[in-house]
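Just below is one structure, and these are the notes that go with it.
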Amino acid sequence: MLDIQTLRNDLAGVAARLATRGFVLDTARFEQLEGERKLVQTRTQELQARRNAASKQIGFAKSKGEDVTAIMAEVANLGDELKQAEAQLAVVLAELQALLEGLPNTPHESVPVGKSEADNEEVRKVGSKPSFDFAVQDHVSLGEGLGGLDFETAAKISGARFSLLKGGLARLHRALAQFMLDTHTDQHGYTEVYVPYLVNAASMRGTGQLPKFEEDLFKVPRQMGEGIENFYLIPTAEVPVTNMVRDEIVPLESLPMKFVAHTPCFRSEAGSAGRDTRGMIRQHQFDKVELVQMVHPDDSSAALEQLLGHAETILQQLGLHYRVVKLCSGDIGFSAAMTYDIEVWLPAQDTYREISSCSSFGAFQARRMQARFRNAQGKPELLHTLNGSGLAVGRTLVAVLENFQQADGSVVIPEVLRPYMGGLESLRGLK
RNA sequence: GGAGAAGUGGCCGAGUGGUCGAAGGCACUCCCCUGCUAAGGGAGCAUGCGGGCAUAAACCUGCAUCGAGGGUUCGAAUCCCUCCUUCUCCGCCA
């Protein structure tokens with residue numbers, strides 16, 4: 001959520017910055033709502049003040065045994081007017097809030113201006129493309145050849161966009177997650193957390209998935225008293241982990257907070273019918289190791305570079321070729337102020353595919369969540385949040401399969417994973 | 001699932017219709033005293049949103065907030081209803 005003060009003080013400026021990401025801010029509507037709010041709020045508070053003063057008088061007079069009928073009569077007339085004003089105020093505030101919650105974050109000043117993916121900036125390439133003297137297979141035929149990847153059974157059990165891993169492949173998948181977790185906890189100073197996979201609407205609102213992107217989420221209705229309230233399956237660990245600090249005021253000394261979590265992620269992929277239908281690239285369920293940081297506002301830029309480096313370490317240690325892309329203003333996500341994508345080389349597709357997305361959100365999420373720290377002056381101040389995949393486990397598995405495949409259809413296991421694989425050096429025809 | 005108890009500021013904890021946004025304590029900040037450690041005295045110290053303000057801080061002021069949402073009342077932390085959460089006991093269970 002953007003700071004309403006900023007909107008009041010520099011509406012045109014905010015509109016211009018939002019325009020760089022292709023968002024049109026209805027400034028006239030904001031001004032109209034804001035004007036109405038000011039009017040109604042002032043009037044409501046005036047009425048409340050009068051009522052409070054009169055009530056106080058009544059109490060005071062009664063305690064002295066005086067007659068209060070005169071004041072009572074005066075206050076009685078206030079009632080209806082006040083109720084009406086309060087109701088009107090509630091409506092205006094709700095509209096204003098809805099408008100505010102629908103506004104995306106303003107891009108950081110360093111973000112390149114652009115319309116789409118095509119305008120993203122390549123920051124660097126690391127490593128080099130592997131060369132093959134045979135016709136490469138994609139991960140689907142490799143996995144099926146190894147007997148460890150079974151989409152048909154997954155489809156029978158659940159439907160399209162699910163996968164089933166077996167034997168060595170299932171273990172490799174687990175090994176990847178373990179390796180990532182161990183690296184981030186042992187070498188990068190993150191605290192591992194295990195978190196709920198079903199969260200409430202307030203949490204989704206806090207990180208910005210709600211109210212705008214409900215169609216991307218899996219909803220689980222449940223009976224709550226007389227009504228229905230929804231749980232939501234997390235689309236990323238960012239949601240539960242970041243919401244750990246919702247409605248909290250943490251001490252200055254606790255910053256930066258760095259958490260890592262391995263969770264499944266669930267996405268309805270509502271808008272992507274027909275895209276990436278083959279293989280494990282785009283699934284309703286996939287595992288991800290997620291890095292989350294809560295930092296002092298002064299440190300968030302440096303923290304993003306650091307977090308990006310942590311994610312890159314995984315690819316480097318696995319020996320995978322990748323590039324880092326800085327997303328342009330038109331391509332960054334709703335809540336993000338700045339985003340780097342890490343794209344891994346996939347030889348069978350002859351292209352780079354996103355395997356991690358590292359973003360800084362400034363105070364955008366913190367403001368929605370009222371997540372604060374006590375600053376040096378002792379005053380509560382919004383903290384800054386960041387997160388990034390480190391990495392998407394399913395896509396990493398795809399990358400390992402495709403990049404380390406051999407002519408005979410076997411796959412060499414990267415050395416750093418072998419301790420997690422019982423010393424196994426390659427996957428071949430496992431049952 | 002059944003029975004009971006409880007949810008108050010950073011923390012502990014008083015408060016059952018009226019100068020209560022809230023006693024007292026701890027923690028914290030400032031000052032005084034004290035030649036270490038410790039102790040003593042005084043003051044300050046919730047959050048959000050408005051207005052003063054055309055701008056940052058400070059300050060003054062109004063409103064709201066005592067788990068959440070409704071209700072009763074001139075007035076609710078306090079009474080009523082619904083819900084949520086936590087704790088204890090019983091049952092069930094990975």
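All heavy atoms count here, side chains included; hydrogens, waters and symmetry mates do not. A, B, ... follow the sequence lines: proteins, then strands. Residue 1 opens every chain.
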Nearest-Å distance, [atom1] ([X]) to [atom2] ([N])?
| X | N | atom1 | atom2 | result |
| --- | --- | --- | --- | --- |
| A/Arg246 | B/G48 | CZ | C1' | 17 Å |
| A/Gln97 | B/G48 | CD | P | 15 Å |
| A/Asp3 | B/U55 | CG | P | 14 Å |
| A/Asn200 | B/C84 | CG | P | 13 Å |
| A/Met369 | B/G48 | CE | P | 15 Å |
| A/Glu248 | B/U47 | CD | P | 15 Å |
| A/Arg367 | B/C49 | CZ | C1' | 14 Å |
| A/Arg8 | B/C53 | CZ | P | 16 Å |

According to the Watson-Crick and G-U wobble definitions, with both distances under 3.5 Å, which nucleotide is paired to [N]?
| N | answer |
| --- | --- |
| B/C20 | none |
| B/C89 | B/G2 |
| B/U73 | none |
| B/G62 | B/C49 |
| B/G44 | B/C28 |
| B/U78 | none |
| B/C36 | none |

Counting only side-chain N and O atoms of A/Gln5, is one of them less than 4.0 Å from OP1 or OP2 of B/G50?
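Answer is yes, contact under 4.0 Å.
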Kindly say if A/Arg374 contacts the phosphate of B/C28, meaning a side-chain N or O under 4.0 Å from OP1 or OP2.
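Answer no for this pair, as no side-chain N or O of A/Arg374 is under 4.0 Å from OP1 or OP2.
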Any base atoms under 4.0 Å from A/Pro380, or only sugar-phosphate, or nothing? Heavy atoms, all strands.
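Sugar-phosphate: the residue A/Pro380, judged by heavy atoms under 4.0 Å, touches backbone atoms but no base.
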At 4.0 Å (heavy atoms only), tell me whether A/Ile71 reaches a base, stays on the sugar-phosphate, or touches nothing.
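Contact class for A/Ile71: none.
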Could you check whether [Y] and [X], counting side-chain N and O atoms only, form a donor-acceptor pair closer than 3.5 Å?
| X | Y | value |
| --- | --- | --- |
| A/Asp138 | A/Ser141 | yes |
| A/Gln88 | A/Gln84 | no |
| A/Glu238 | A/Thr207 | no |

A/Tyr190 and side chain to side chain donor-acceptor pair (under 3.5 Å): which partner among A/Glu290, A/His184, A/Gln293, A/Lys258?
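Of the listed residues A/Glu290, A/His184, A/Gln293, A/Lys258, the side chain to side chain donor-acceptor pair (under 3.5 Å) partner of A/Tyr190 is A/Gln293.
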Reference residue A/Gln32; test side chain to side chain donor-acceptor pair (under 3.5 Å); the match among A/Arg29, A/Glu34, A/Glu36:
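Considering A/Arg29, A/Glu34, A/Glu36, a side chain to side chain donor-acceptor pair (under 3.5 Å) with A/Gln32 is found only for A/Glu36.
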Closest listed nucleotide, where the reference is the side chain of A/Gln370 and the choices are B/A64, B/G50, B/G48:
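Of the candidates, B/G48 comes closest.
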Map A/Glu34 and A/Thr44 onto RNA chain B by nearest heavy atom, then report which one ends up closer to the 5' terminus.
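Closer to the 5' end of RNA chain B: A/Glu34.
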Of A/Thr42 and A/Arg372, the one whose closest RNA chain B nucleotide lies more 5':
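Result: A/Arg372.
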Spacing of the [atom1] atoms in [M] and [N] (rounded, Å):
| N | M | atom1 | value |
| --- | --- | --- | --- |
| B/G1 | B/C83 | P | 12 Å |
| B/A6 | B/G10 | P | 24 Å |
| B/G67 | B/A76 | P | 15 Å |
| B/A77 | B/G13 | C1' | 14 Å |
| B/A46 | B/A27 | C1' | 14 Å |
| B/C32 | B/G15 | C1' | 34 Å |
| B/C66 | B/U47 | C1' | 12 Å |
| B/G7 | B/U65 | C1' | 16 Å |

Whether A/His296 and A/Phe373 hold their rings parallel, tilted or perpendicular, with breakpoints at 30° and 60°
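Tilted.
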Hey, is CD on A/Gln5 packed in by over 12 heavy atoms from elsewhere, all under 6.0 Å?
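Counting other residues, nucleotides and ligands, CD of A/Gln5 exceeds 12 neighbours.
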Using the 3.5 Å cut-off, write out each protein N or O paired with an N or O of nucleotides 69-79 of chain B and the distance between them.
residue : atom : partner : partner atom : Å
B/C74   : O2'  : A/Ser55 : OG           : 3.1
B/G75   : O4'  : A/Ser55 : OG           : 3.0

Is the side chain of A/Thr20 donor-acceptor paired with the backbone N or O of A/Arg17 at a distance under 3.5 Å, no angle test?
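Here the side-chain-to-backbone pair exists.
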Aromatic ring proximity, centroids under 6.0 angstrom, A/Phe334 and A/Phe364:
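Centroid separation for A/Phe364 and A/Phe334: below 6.0 Å.
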